[in-house]
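Encoded as structure tokens, the structure appears first; notes follow it.
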Amino acid sequence: MAPTNRPIFLVGCPRSGTSLLSVMLHAHPRIAMPPETRFLRPIYRERLAFGDLTVAENRRRLAERMTGKGTKFADLRLDRKDVIEKIVAAPPTVGSAAGTVWREFARTRGKERWGEKRPSYWRDIGVILRLFPEAQIVHLVRDGRSCVASLKKVTWWEAGVTGAMASWTMADAELRRVGRRLPTDSYYRLRYEDLLADPSDQLGRLCRYLGEDFDAAMLDYSTAAQDIVPARKSWHARTKGGLDTGRIEAWRRTLAPVEIGLFERVARRGLQRNGYELSGAGTNPSAGHLLAYRREWAQRMGVLYKARLTDARLRRMHPQPLRDLG
């Protein structure tokens, strides 16, 4: 295959297995998948505050913001001063500033190509494509009951079980819309359960979509995990061990019958579209449970559309080049 350097963005509902797939991709000899950096959304939202990026000093302020406090830049283990100078020397766009960081991460790992994994980017595909029009989107989907059960257990999830249910249904619906809109070489969906069942086959298919040759190193990803999974993230400990197919239906032990019943009611279509059979193991949700879910979903959808309307207004009022020109 002819080599390509198109950016790779790995997305999905939180706890879908994106960290596992990220380390598998990072084990590929050409692909670098950094730890989550958390700077893309802030610098995009705050871009007007930096002024005209054709002015070098404004690019420096942007660079200092995206490599400073409030981001996870330190997890990349790059020389901050050196990266700032590279951003100042880069083309004057927000996309170029972000791309400069990720290209530098790839360079330090001896890789030609970079990606970025952040599950919640499902809300920002439009932004990503404005910044990186050549991006390839990889959508990893996992049985929503497993995602909800996993989010129920991790300490950092603060939205509760109902919030976890709404996150899965919204992410799945939004990314399916994205998949219908984008060309086949820009969107790819795979199931976490299929990846666990036959990693060689699934990674081979993914590599063909990415325009890469499959490399068996992707199956031995423990070293890659040591490089990009910070030790403090104990909830990603399984990325440093072998694949465990025995946990695929662990949700049956973690979720209460009323939670199973509620989710299979509100996510029926999404589950079935993705090939997940309804268990019928739950109890019928009460009107109160259904109302709580609908309120959570509506609140989240309202926040999402408000953010998009605000962004559209700002782009009309303050048009400026955004795409990565590096």
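Along the sequence shown, residues are numbered consecutively beginning with 1.
Hydrophobic clustering keeps Val127 apart from Leu48 (ILVMFWY residues linked when any side-chain heavy atoms are closer than 4.5 Å, directly or through intermediates). Residues Leu325 and Val55 fall into different hydrophobic clusters, defined by Ile, Leu, Val, Met, Phe, Trp and Tyr side chains chained together at heavy-atom separations under 4.5 Å.
No donor-acceptor contact under 3.5 angstrom links the side chains of Thr108 and Arg77, judged on distance only. Judged by distance alone, the side chains of Asn284 and Arg265 never bring a donor and an acceptor atom under 3.5 Å apart.
Residue-environment remark: CH2 (Trp157) exceeds the threshold of 12 foreign heavy atoms within 6.0 Å.
Each of Leu219, Leu20, Leu21 was checked for a side-chain contact (heavy atoms from CB on, under 4.5 Å) with Pro199, and the lone residue meeting it is Leu219.
The backbone N or O of Gly12 lies less than 3.5 Å from no partner atom in the side chain of Ser16, so there is not a single donor-acceptor pair. Lys152 places a side-chain N or O within donor-acceptor distance of the main-chain N or O of Thr254, the cut-off being under 3.5 Å. The backbone N or O of Asn274 lies less than 3.5 Å from a partner atom in the side chain of Arg191, making a donor-acceptor pair. Checking side-chain atoms of Asp215 against main-chain N and O of His28 turns up no donor-acceptor pair under 3.5 Å. Looking at His139, its side chain never comes within 3.5 Å of a backbone N or O of Val178 through a donor-acceptor pair. At distances below 3.5 Å, not a single donor-acceptor pair connects side-chain atoms of Ser150 with backbone N or O atoms of Cys147. For the pair Arg61 (side chain) and Phe50 (backbone), a donor-acceptor distance under 3.5 Å is present. Remark: side-chain polar atoms of Trp168 are paired, donor with acceptor, to backbone N or O of Arg142 under 3.5 angstrom. Checking side-chain atoms of Ser186 against main-chain N and O of Leu182 turns up no donor-acceptor pair under 3.5 Å. The closest donor-acceptor contact from the side chain of Glu264 to the backbone of Gly280 lies under 3.5 Å.
Note on Arg118 versus Asp124: no salt bridge recorded, every NZ/NE/NH1/NH2 to OD/OE distance being 4.0 Å or above. Classification of Arg177 and Glu174 as a salt-bridged pair holds, one side-chain N sitting under 4.0 Å from a carboxylate O. Ionic pairing of Arg38 and Asp75 is not present here: no N-O contact between side-chain nitrogen and carboxylate oxygen is shorter than 4.0 angstrom. Residues Asp79 and Lys86 are not paired through a salt bridge, judged by the lack of any N-O separation under 4.0 Å between the basic side chain and the carboxylate. Residues Arg145 and Glu249 are not paired through a salt bridge, judged by the lack of any N-O separation under 4.0 Å between the basic side chain and the carboxylate. A salt bridge is absent between Arg80 and Glu64; no separation between the charged side-chain nitrogens and carboxylate oxygens falls under 4.0 Å.
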Practice task
Given side chain to side chain contact (heavy atoms under 4.5 Å, CB included), test Phe263 with Val148 step by step and report yes or no.
Solution key: CA-CA 9 Å; Phe263 189 69; Val148 172; 4.1 Å; yes
Practice task
Take Ser167 and Arg300 through the test side chain to side chain donor-acceptor pair (under 3.5 Å) and record every step on the way to the result.
Solution key: CA-CA 8 Å; Ser167 290; Arg300 286 170 174 264; 3.1 Å; yes
Handout entry: Intermediate values then yes/no, side chain to side chain contact (heavy atoms under 4.5 Å, CB included), Asp201 and Asp194
Key = CA-CA 9 Å; Asp201 177 69; Asp194 295 336; over 6 Å; no
Practice task
In sequence, state the C-alpha distance, the side-chain angles, and the governing distance for Arg30 and Asn5, and then conclude on side chain to side chain contact (heavy atoms under 4.5 Å, CB included).
Solution key: CA-CA 9 Å; Arg30 273 185 32 87; Asn5 289 328; 3.6 Å; yes
Handout entry: Test log, rule side chain to side chain donor-acceptor pair (under 3.5 Å), inputs Tyr187 and Gln136
Key = CA-CA 6 Å; Tyr187 171 88; Gln136 290 186 287; over 6 Å; no
Practice task
Could you give me the CA-CA distance, side-chain angles and deciding distance for Tyr121 and Ile128, then say whether side chain to side chain contact (heavy atoms under 4.5 Å, CB included) is met?
Solution key: CA-CA 8 Å; Tyr121 278 157; Ile128 287 169; 3.8 Å; yes
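For the pair Pro34 and Gly115, the tightest heavy-atom approach, listed with the atom from each and the gap, is CD-O, 2.8 Å. In terms of heavy-atom proximity, Thr169 sits nearest to Val266 at CG2-O, 4.3 Å.
Between Trp102 atom CH2 and Trp114 atom CH2 the span is 5.0 Å, to the nearest 0.5 Å. From Glu36, atom CD reaches atom OG of Ser19 across 6.5 Å, with rounding to the nearest 0.5 Å. If you take CD1 on Ile137 and CG on Leu129, they are separated by 5.0 Å, rounding to the nearest 0.5 Å. Distance check, rounded to the nearest 0.5 Å: CZ of Arg45 to OG1 of Thr310 gives 11.5 Å. Taking CZ of Arg65 as the start and CD1 of Ile43 as the end, the distance is 8.5 Å to the nearest 0.5 Å.
In this structure, the ring of Phe132 has its center less than 6.0 angstrom from the ring center of Phe9.
Because its NZ or CZ atom is both nearer than 6.0 Å to the ring centre of Tyr44 and within 45° of the ring axis, Arg47 counts as a cation-pi partner of that residue.
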